[in-house]
Amino acid sequence: MSAFAKSEANETFVLNLGPQHPATHGVLRVKLTMDGEYIVEAEPVLGYIHRMHEKMGENRTWAQFLPNTGRMDYLHALAYNHGYVSVVERAAGIEVPERAEYLRVITAELNRVSSHLLWFGAFILDLGGFSPLLYAFDDREHILDLLESVTGSRLTYCYFRFGGVYNDIDDNFVPGTRAFIKRLRDRMPMYHNLVTKNIILMKRLQEVGPISAEMCRKYGATGPVCRGSGINFDVRKHEPYSIYPEMDFDVPVYDQCESMARYMVRMDEIEQSLRIIEQGLDKLPEGPVMAEKVPKIIKPAKGDYYHAVETARGSFGVRVVSDGSNTPYRLKLRSPTFSNLSLFGEACQGMLLPDALALMGSLDLVIPEIDR
Amino acid sequence: MIDYLREIISGTWSLFVGLGITIRYFFQPVVTVQYPYQTLPMTPCFRGHIELTKDEETGETKCIVCGMCQKACPSNCITVNGEKREGVKGKVLTEYTLDFTKCSLCGLCVESCPTAAITFSKDYNLAGVRKEAYIFDLKKRLEAKN
Ligand code: SF4
Ligand code: SF4
């Protein structure tokens with residue numbers, strides 16, 4: 001804390017950040033106790049768009065919950081699809097054809113790239129730079145077009161089904177994706193020149209917003225937040241699911257614990273995702289995209305099942321308890337951003353307000369997913 | 001001191017590099033589309049609201065009023081009704097209403113239909129001022145097309 005933060009009279013005031021604020025990316029409210037420009041205490045207030053997804057899931061059939069999964073984290077909807085279908089497939093013992101698994105991974109990774117691009121644009125926007133957002137959206141648009149041509153929608157995908165995927169890819173998808181990979185690889189140096197090496201960005205992110213590895217463990221932070229604090233944890237590597245074990249990719253880890261480290265993790269992850277997509281396209285087998293003999297009405301055997309996937313924001317886990325009927329008895333969703341946000345209160349103590357907003361941006365919050 | 005000066009110089013240079021990129025892109029072709037005047041083609045896979053399909057032979061709907069779509073829909077958007085008519089096998093469709101205000105375009109109804117009687121339309125220009133405008137009578141829409 002700087003000398004400014006310790007005013008003699010100990011005068012503080014409360015500042016409401018949100019629920020409608022351009023820097024909070026949605027309806028998040030943070031109650032800040034301020035001493036001048038410095039934060040004394042920060043308390044996130046949640047629940048503004050709570051839609052009780054868990055309870056909704058317990059009141060519909062297993063298949064009817066599918067569209068909900070795409071609406072929690074609307075930026076990386078396919079990973080949420082993946083988590084839910086995987087846990088139900090595990091529960092009901094459904095085998096998924098190989099081609100379907102490849103398509104799932106390819107589309108989910110494309111979706112991850114689009115999520116990171118959007119984060120990149122919005123994050124720089126938080127810091128006050130407008131134009132990088134437009135560059136990022138230009139690239140993201142290509143991904144949305146590609147995904148639209150296979151999934152039928154552009155944002156809240158509902159593409160995966162129990163036992164496979166909704167439909168097969170068209171002829172343009174493979175060449176289109178390859179062209180996109182080449183395009184984005186060509187543009188990444190441009191992003192680094194335009195943004196990463198920019199002195200203003202460096203000054204605002206380097207050595208600002210420390211989150212220690214211990215704090216990550218304490219709050220259960222996952223994804224790029226913990227990888228920016230030197231913890232090498234990625235569900236795709238450490239509890240591999242789907243066809244990730246066959247893929248050759250690295251997990252970028254930075255141990256500077258600052259906002260810049262989290263920024264770099266995500267920028268490097270874009271390249272790693274492109275590598276996964278490329279390998280997936282190379283190995284893409286022929287065959288059906290839907291398992292035969294998937295029962296029309298799914299009734300998983302009694303039991304308790306859990307499956308975690310790595311989303312763009314961290315580890316997303318679904319726990320279902322089945323009582324053998326056609327609706328889940330209990331559906332628990334572990335959302336990564338909820339844990340990532342909970343460390344904000346501790347991490348931003350004694351920080352300048354603009355730095356705290358940079359820290360918040362580097363957490364990559366998606367509010368509908370926190371509230372669920 | 002030297003470091004300080006070096007930082008000022010490299011920092012200023014980084015701003016010029018960024019400016020150079022912006023200027024280069026300024027002279028490149030426009031990537032956006034002037035929407036109402038220009039439109040992009042929709043992909044064949046686009047999922048709009050659902051629509052009844054036509055049987056090529058009879059020109060009528062293929063719906064057999066089994067109610068599977070109504071049951072599959074997570075948001076209860078679909079109301080199907082039919083009646084028995086003399087001389088016709090099975091039921092005849094009398095009502096097919098879609099409450100588009102609740103539809104999430106998930107596609108579960110289309111997948112559950114045994115006769116492929118419904119499909120996705122390609123309408124995306126949907127704007128209105130009244131809620132009632134989104135209660136679609138799909139049977140009427142099909143008849144209007146004939
Ligand atoms: S697309 Fe989904 S929400 Fe819409 S009518 Fe069909 S089943 Fe219901
Ligand atoms: S599932 Fe198909 S055939 Fe059955 S009621 Fe719906 S539209 Fe008609």
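In the text below, chain A, chain B and the rest are named by the order of the sequence lines, each starting its count at 1.
The closest side-chain heavy-atom distance from B:Y25 to A:D138 is not below 4.5 Å. Taking 4.5 Å as the limit, every side-chain heavy atom of B:L105 sits out of range of all side-chain heavy atoms of A:P67.
Using a 4.5 Å cut-off between heavy atoms, A:R154 does not touch chain B at all. With a 4.5 Å cut-off on non-hydrogen atoms, A:T61 does not touch chain B at all. Heavy atoms closer than 4.5 Å to chain A are found in the backbone of B:K71, but not in its side chain. Contact of A:V195 with chain B is not made at all, since no heavy-atom distance falls under 4.5 Å. For a residue to count as touching a neighbouring chain, one of its non-hydrogen atoms must lie under 4.5 Å from one of that chain's; by this rule A:Y135 touches chain B with the side chain only. Looking at A:N172, neither its backbone nor its side chain comes within 4.5 Å of chain B, counting heavy atoms on both sides. Contact of A:N198 with chain B is made through backbone and side chain together, with heavy-atom distances under 4.5 Å.
For A:M190, the CE atom sits in a packed shell: over 12 heavy atoms of surrounding residues, nucleotides or ligands are nearer than 6.0 Å. The neighbour count for B:E95 CD, taken as heavy atoms of other residues, nucleotides or ligands under 6.0 Å away, is above 12. When the shell of 6.0 Å around NZ of A:K332 is examined, it contains more than 12 heavy atoms from other residues, nucleotides or ligands.
The candidate with the highest count of non-hydrogen atom pairs below 4.5 Å against chain B, out of A:E148, A:M56, A:K197, is A:E148. Residue with the most contacts toward chain B among A:D145, A:T151, A:I200, A:N167: A:T151 (heavy-atom pairs, distance under 4.5 Å). When B:C106, B:G18, B:S112 are compared by the number of non-hydrogen pairs under 4.5 Å with chain A, B:C106 comes out ahead.
Shown here for A:R161 and B:L108, the closest heavy-atom pair between the two residues is NE-CD2, 4.2 Å. A pairwise comparison of heavy atoms in B:T22 and A:L194 identifies OG1-CD1, 4.2 Å as the closest pair.
Side-chain atoms of B:S14 come within 3.5 Å of backbone N or O of A:I199 as a donor-acceptor pair. Using a distance-only test at 3.5 Å, with no hydrogens or angles considered, a donor-acceptor pair links the side chain of A:Q64 to the main chain of B:A72. A:R60 places no side-chain N or O within donor-acceptor distance of the main-chain N or O of B:C73, the cut-off being under 3.5 Å.
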**Report entry** Residue pair B:C45, A:S149: steps toward the side chain to side chain contact (heavy atoms under 4.5 Å, CB included) verdict
**Finding:** CA-CA 6 Å; B:C45 199; A:S149 71; 5.5 Å; no
Report task. Start with the C-alpha distance between B:T32 and A:E141, add both sets of side-chain angles, then the distance that settles side chain to side chain contact (heavy atoms under 4.5 Å, CB included), and finish with yes or no. Result -> CA-CA 10 Å; B:T32 47; A:E141 198 61 26; over 6 Å; no
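Geometrically, B:R47 engages A:Y166 in a cation-pi contact defined by less than 6.0 Å to the ring centre and at most 45° from the axis.
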